[in-house]
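Numbers restart at 1 for each chain; the letters A, B, ... are given by sequence-line order, proteins then strands. Worth knowing before you read on, the calculation uses all heavy atoms, side chains too, and leaves out hydrogens, waters and symmetry mates. Computed from a prediction, not measured in an experiment: that's the story for all the values here.
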Protein chains: 2
Amino acid sequence: MTSTRPLRADAVRNRQLLLAAAADEFAERGMDASVADIARRAGVGKGTVFRHFATKDDLIAAIVLDRIDELNTAGERLLEAADPGAALLEFLTVAAHQRQQRDLSFLHEAGELSAEVTRVREQMYNTVQKLVDRAREHRAVRADVTGTDIILLMCAPNYVTSYVPDAPPDLWQRYLAIIFDGLRPEGAHPLPHPPPSTV
Amino acid sequence: MTSTRPLRADAVRNRQLLLAAAADEFAERGMDASVADIARRAGVGKGTVFRHFATKDDLIAAIVLDRIDELNTAGERLLEAADPGAALLEFLTVAAHQRQQRDLSFLHEAGELSAEVTRVREQMYNTVQKLVDRAREHRAVRADVTGTDIILLMCAPNYVTSYVPDAPPDLWQRYLAIIFDGLRPEGAHPLPHPPPSTV
DNA sequence: CAACAAACGGACCGGGTGGTCAACTTGTTA
DNA sequence: TAACAAGTTGACCACCCGGTCCGTTTGTTG
């Protein structure tokens, strides 16, 4: 049990400022965002960053954790939805929208992420699995598509639009629609490769 | 007119060694690949790198140029193919296969690329445009899909699989097939956003 | 308000980067 | 083969990075 006295008031405030500043800075400058710049943006000293997050990777992990939690919340809500096909599409929409506002995809691949991250991530995989299963049972998606497939295709619409300079902010919706059409049972052609087992 | 005496024999050899070593090094280490490592891998001093390529960005531009040229060659050949739908699919396959062997996608976004690159890139856009037009006329792809759409979706299958650790090397084919199904006329749903005009 | 721990800040450090340069080697050419 | 230009090399430079450390400030608590 790690019972410790609560954080000081200024400390909790600075922690929030840091997380927000880091997310913004990463979104703007990619992985090149430096700790010094993040600190400056948050209006704190560089040492304060390392007091809250032992390493840059820890800071990244904290950001990633928050984002996946958001998806989990949305996913679990959509498990209750009436139309399973629409629910899956909306989940993909939520995910794409999150990434549209701030593209932090590179953070997921970079550095060592905490065990906490892998835990909440697997929780999300589970939720998506269920969303897909429900959609498949309702014939909203083709039979040969798996939960893992959807996890992998989740942010493809954003990726696609990332190459367009000055893209209209909703352009990703176009590619989400195209990809989702590829997931439908009508007019589906057999797939040339088996699905991956795990992610 | 920039007429200059031909490169010395060892210089042309070193240039080739450098391009190959750089491509390998970038593919393995991403953008973090250092000029020093590239030089070592090519069996050459660091100074030699900068003699051939004034800056790291110039080296990157040279690599990108070669890759786009490969696609141009394939694309122009496929413009002669009998089945336009199959031709488009094969072009996408070639592009995905190229990126599967060495993922250098990040190079296209990074640094200032030469005017030569933009020239050959626009040439490629043109070829893709024609491939798509032919495929559309033959009802092989849906009417509301444009050449720009296909350019954007070109390497999405690789992106999708890039998140799978130890992915089977042909996994991208699965997602290419799904996306291509989304491009077909059968069972297409109206798209929620107009296509981007340029890339 | 006093006293103490918690939190802060920024100078500092080692390491790695892209790029330069002048001494040296080598291919070419007459 | 002589002579010169073209090419090579690695030590060197200035810069920036993540991370440390300690003197100082500040919130909390009795």
request  = Kindly say whether, by distance alone, the side chain of A:R8 makes a donor-acceptor pair under 3.5 Å with the base of C:dA6?
outcome  = yes
query = So do the side chains of A:D149 and A:P196 get within less than 4.5 Å of each other, counting heavy atoms only?
reply = yes
Whole-Å distance separating the CD1 atom of B:I38 from the C1' atom of D:dG10 = 17 Å
query = Hey, what's the ring geometry for A:Y159 with B:Y159, parallel, tilted or perpendicular (30° and 60° as the breaks)?
reply = parallel
ask   = Could A:K130 and A:D133 be called an ion pair, given the rule that one side-chain N must be under 4.0 Å from one carboxylate O?
value = no
query = Do B:E25 and B:R40 sit within salt-bridge range, that is, some charged N less than 4.0 Å from a carboxylate O?
reply = no
Euclidean distance, atom CE of residue A:M31 to atom C1' of D:dG18 [Å, nearest integer] = 14 Å
Between N or O atoms, less than 3.5 Å apart, protein on one side and nucleotides 9-12 of chain C on the other: list the pairs.
unit_1 : atom_1 : unit_2 : atom_2 : d
C:dG9  : OP2    : A:G45  : N      : 2.8
C:dG9  : OP2    : A:T48  : OG1    : 2.9
C:dG10 : N7     : A:G47  : N      : 3.4
C:dG10 : O6     : A:G47  : N      : 3.3

ask   = What is the distance from CZ of B:F53 to C1' of D:dG7, rounded to the nearest Å?
value = 14 Å
ask   = OP1 or OP2 of D:dG19 sitting under 4.0 Å from any side-chain N/O of A:T55?
value = yes
task = Identify whether any heavy atom of B:A39 sits under 4.0 Å from a base atom; if not, whether one sits that close to sugar-phosphate; answer base, sugar-phosphate or nothing.
result = nothing
note = Atom CZ of A:F50 and atom C1' of C:dA6 are separated, to the nearest Å, by 19 Å
request  = Starting at atom CG of A:D10, determine the distance to atom C1' of D:dT25, rounded to an integer number of angstrom.
outcome  = 10 Å
ask   = Is A:D10 salt-bridged to A:R13, going by a charged N under 4.0 Å from an acidic O?
value = no
inquiry  = Check this one for me: any side-chain N or O of A:R51 less than 4.0 Å away from OP1 or OP2 of C:dA7?
reply    = yes
request  = Please determine, for the side chain of B:K56, which listed nucleotide (C:dC8, D:dG18, C:dG18) has the closest atom?
outcome  = C:dG18
query = For A:L7 and D:dT28, what is the distance between atoms CG and P respectively, to the nearest whole Å?
reply = 11 Å
ask   = Does some side-chain heavy atom of A:F180 sit less than 4.5 Å from a side-chain heavy atom of A:L153?
value = no
request  = Rounded to the nearest angstrom, tell me the gap between atom CZ in B:R13 and atom C1' in D:dT8.
outcome  = 11 Å
ask   = Should we count NE2 of A:H97 as having more than 12 external heavy atoms under 6.0 Å?
value = no
request  = In whole angstrom, give the distance that lies between atom CD of B:E25 and atom C1' of C:dG18.
outcome  = 15 Å
message = Taking 4.0 Å as the cut-off, does a side-chain nitrogen or oxygen of B:H52 come that near to OP1 or OP2 on D:dT8?
response = yes
